[in-house]
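Below, chain A is the first sequence line, B the second, and so on; all start at residue 1. Please read these numbers as outputs of a predicted model, since none were measured by experiment.
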Amino acid sequence: MPELPEVETIKQQLAACIVGKQFSDLAISDGKPLRRISSGNFRKRLIGQEIKEVGRSGKYLLVRLANGSTLIIHLRMTGALLLNPKNTERFTRVTFKFTDGGELVFTDVRRFGAMYLVKDEKDVVGKLGLEPLSDEFTPGILAKLLAKRKAPIKAVLLDQTVIAGIGNMYADEALFSARVHPMRKAGDLLPFETKNLHKAIRDVLTKAIGKKGASISTYKCPSGELGTAHFDFRVAHRGGEKCPKCKTVIQRVKTRNRSSYYCPKCQKD
DNA sequence: CATTGTCCCTGGAAGC
DNA sequence: TGCTTCCAGGGACAAT
C-alpha cells in the first residue's frame, strides 16, 4: 500500500526518468481514476505537454508540467505506476505515452486510485498537514498537534490534515518503536513519549525509503523492482506472530474499520 | 472544529 | 471442488 516511503520512491525514480519528456498520447481504458475532469479534456490538456518536475506532497505524486498545471496522482490502495513494463499489465487503467516512444502505465486492481489535472495544486493538496521528514516537524510541534486531542493516537497519525503521508503500516511500526499503544488518547501522551514517537516516525519512514518501500500487496517501483521495507516490519501485518522483543503474540484491534497491530506487553495502554 | 461511521472496490486467502 | 466470508485500507462525505 503506497504510503510516504513508497510514493517518495516512485517520485525519485520518475524524476530521474520522465523529466523533459513530452506526452504524445493517452490510452484510457477506465475513466474512473480521473476526478473533476472528463477523459476528453484530460487527454486534450495533457497531450503535447512537457514534464518539468516531479514532486510529492504526503501520499500525492505531483507531475508538474511546462504550462504551469500539475498532474496529481494518488495511488490509494493498489495503484502502481510502471515505466515501460515488459509484460502487459492485467489491471491497466491509463497508459501515458511519450514522444520518445516510452510509456508510463497506471495499474490499479481495486480502482480507488485518483488523478487530477489542476492549475493550482492547493485545490487537491491544500489541506494536508506537515511533512514528517521536513525540518518544521519537531518534537515540540508534534506535542502541539497532539495536545487536547481525545481520539486514539493511531487515528490522529492517520489524519492527513495533521501529518501528511503516514498510513496504517508505518503508523503501527512507529507506535511500536515508541512503545505507545495505538488506542491511547493522543492528548494523554507524556512528553517523553511524544519525543520518542517523533523520532520513531522519522526513523521508520527514512529507513523504508532506503529500502524502496514495502511491497505488501501490489506495490512495485516504476522500475518493476519490489521494495523490501516490509521484511523489517515488527508488528504491521503480523497478527498472530510473536513480538521480536518479548515474544508475546501480536494483537489486532480495529478502529474506524482499520486494523492496528501491536504488542500488548511492549505497548501498554 | 473534533470525531466517528459508512462507502467505495476487487482479488486472494481462509473456512466450511 | 465450490461456495461464502473475511480481509486489505485511503480518503470523501455524512452524521453526531
Side-chain angles (χ1 to χ4, degrees), chain A residues 1-8 10-11 29-37 56-62 72-81 89-94 106-116 118 121-129 131-132 144-175 182-189 205 208 213-220 226-227 229-230 233 235-241 250-262:
Chain A
M1 333 266 158
E3 301 181 22
L4 188 151
E6 289 74 30
V7 181
E8 178 63 23
I10 294 166
K11 183 207 109 174
S29 54
D30 175 15
K32 188 161 186 295
L34 308 187
R35 307 294 166 92
R36 309 178 196 171
I37 191 167
R56 179 190 62 74
S57 193
K59 301 173 199 171
Y60 292 83
L61 196 67
L62 310 171
I72 302 184
I73 301 174
H74 197 302
L75 302 169
R76 296 282 181 96
M77 308 296 300
T78 55
L81 287 164
E89 294 292 324
R90 189 171 159 205
F91 301 105
T92 296
R93 308 292 175 195
V94 179
F106 172 73
T107 66
D108 190 8
V109 175
R110 256 175 272 172
R111 305 170 76 215
F112 279 10
M115 291 186 191
Y116 310 80
V118 292
E121 293 173 5
K122 284 200 174 64
D123 292 350
V124 178
V125 299
K127 287 181 182 161
L128 292 180
E131 282 290 329
K144 275 188 186 164
L145 291 171
L146 302 184
K148 293 177 190 166
R149 284 184 175 266
K150 291 174 182 169
I153 181 64
K154 174 67 182 284
V156 177
L157 289 180
L158 293 180
D159 185 340
Q160 301 300 298
T161 66
V162 179
I163 303 169
I166 300 174
N168 209 33
M169 304 182 297
Y170 295 108
D172 282 356
E173 288 300 304
L175 287 169
M183 296 303 281
R184 287 272 301 280
K185 278 185 189 174
D188 286 353
L189 264 64
L205 295 177
S215 279
I216 290 233
S217 181
T218 57
Y219 170 75
K220 266 191 222 175
L226 297 178
H230 53 295
F233 284 173
V235 290
H237 289 259
R238 294 196 186 278
E241 296 182 37
I250 292 166
Q251 301 293 308
R252 191 179 87 188
V253 279
K254 280 208 152 193
T255 16
R256 300 184 60 196
N257 264 339
R258 261 129 199 98
S259 293
S260 292
Y261 296 94
Y262 69 101

Q: For the pair A:Arg76 and A:Asp108, find out whether any cationic side-chain nitrogen is under 4.0 Å from an anionic carboxylate oxygen.
A: no
Q. Contact class for A:Thr255 (heavy atom, under 4.0 Å): base, sugar-phosphate, or nothing?
A. nothing
Q | A:Lys59 vs C:dG11: side-chain N/O to OP1/OP2 distance below 4.0 Å | A | yes
Q. Sub-3.5 Å donor-acceptor pair from the side chain of A:Ser260 to the main-chain atoms of A:Arg252, do we have one?
A. no
Q: Give a yes or no on whether a salt bridge exists between A:Arg56 and A:Glu131, defined as a side-chain N under 4.0 angstrom from a carboxylate O.
A: yes
**Q.** Geometric class of the A:Tyr170/A:Phe233 ring pair [parallel <30°, tilted 30-60°, perpendicular >60°]
**A.** perpendicular
(Q) Please report the distance, rounded to the nearest Å, between CD1 in A:Ile163 and C1' in C:dG11. (A) 17 Å
Q | Nucleotide nearest A:Asn257 when distance is taken to its side chain, options C:dA12, B:dC9, B:dC7 | A | B:dC7
**Q.** Length of the CG-P vector between A:Asp159 and B:dG5, whole Å
**A.** 15 Å
Q: For A:Arg256 and for A:Arg110, locate the closest nucleotide of DNA chain C by heavy-atom distance; then report the residue assigned to the nucleotide nearer the 5' terminus.
A: A:Arg110
Q: Please state whether the phosphate of C:dA8, meaning OP1 or OP2, lies under 4.0 angstrom from any side-chain nitrogen or oxygen of A:His237.
A: no
Q) Are any side-chain N or O atoms of A:Asp172 and backbone N or O atoms of A:Tyr262, one a donor and one an acceptor, separated by less than 3.5 Å? A) no
Q | Among C:dA8, B:dT3, C:dA12, the one nearest A:Arg76 by side-chain distance | A | C:dA12
Q.
Distance check needed: C:dG11 P versus A:Gln160 CD, whole Å only.
A. 4 Å
Q: Return the value, rounded to whole Å, for the distance between atom CG of A:Leu158 and atom P of B:dG5.
A: 15 Å
Q. Between B:dT3, B:dG11, C:dA12, which one does the side chain of A:Phe91 approach most closely?
A. B:dG11
Q: For A:Val109 and for A:Ala151, locate the closest nucleotide of DNA chain B by heavy-atom distance; then report the residue assigned to the nucleotide nearer the 5' terminus.
A: A:Ala151
Q) Can you tell me if the side-chain N/O atoms of A:Tyr261 get under 4.0 Å from OP1 or OP2 in C:dA8? A) yes
(Q) What is the distance, to the nearest angstrom, from the NZ atom on A:Lys254 to the C1' atom on B:dT4? (A) 15 Å
(Q) Can you identify which nucleotide, out of C:dA8, B:dT3, B:dT4, has its nearest atom closest to the A:Arg252 side chain? (A) C:dA8
Q: Give A:Pro33 one of three labels, base, sugar-phosphate or nothing, depending on what nucleic acid heavy atoms sit under 4.0 Å from its own.
A: nothing
Q: Using whole Å, report how far CE of A:Met169 lies from P of C:dA8.
A: 13 Å
Q.
What is the distance, to the nearest angstrom, from the CG atom on A:Leu146 to the C1' atom on B:dA2?
A. 14 Å
Q) Between A:Lys32 (NZ) and C:dA12 (P), how many Å, whole number? A) 13 Å
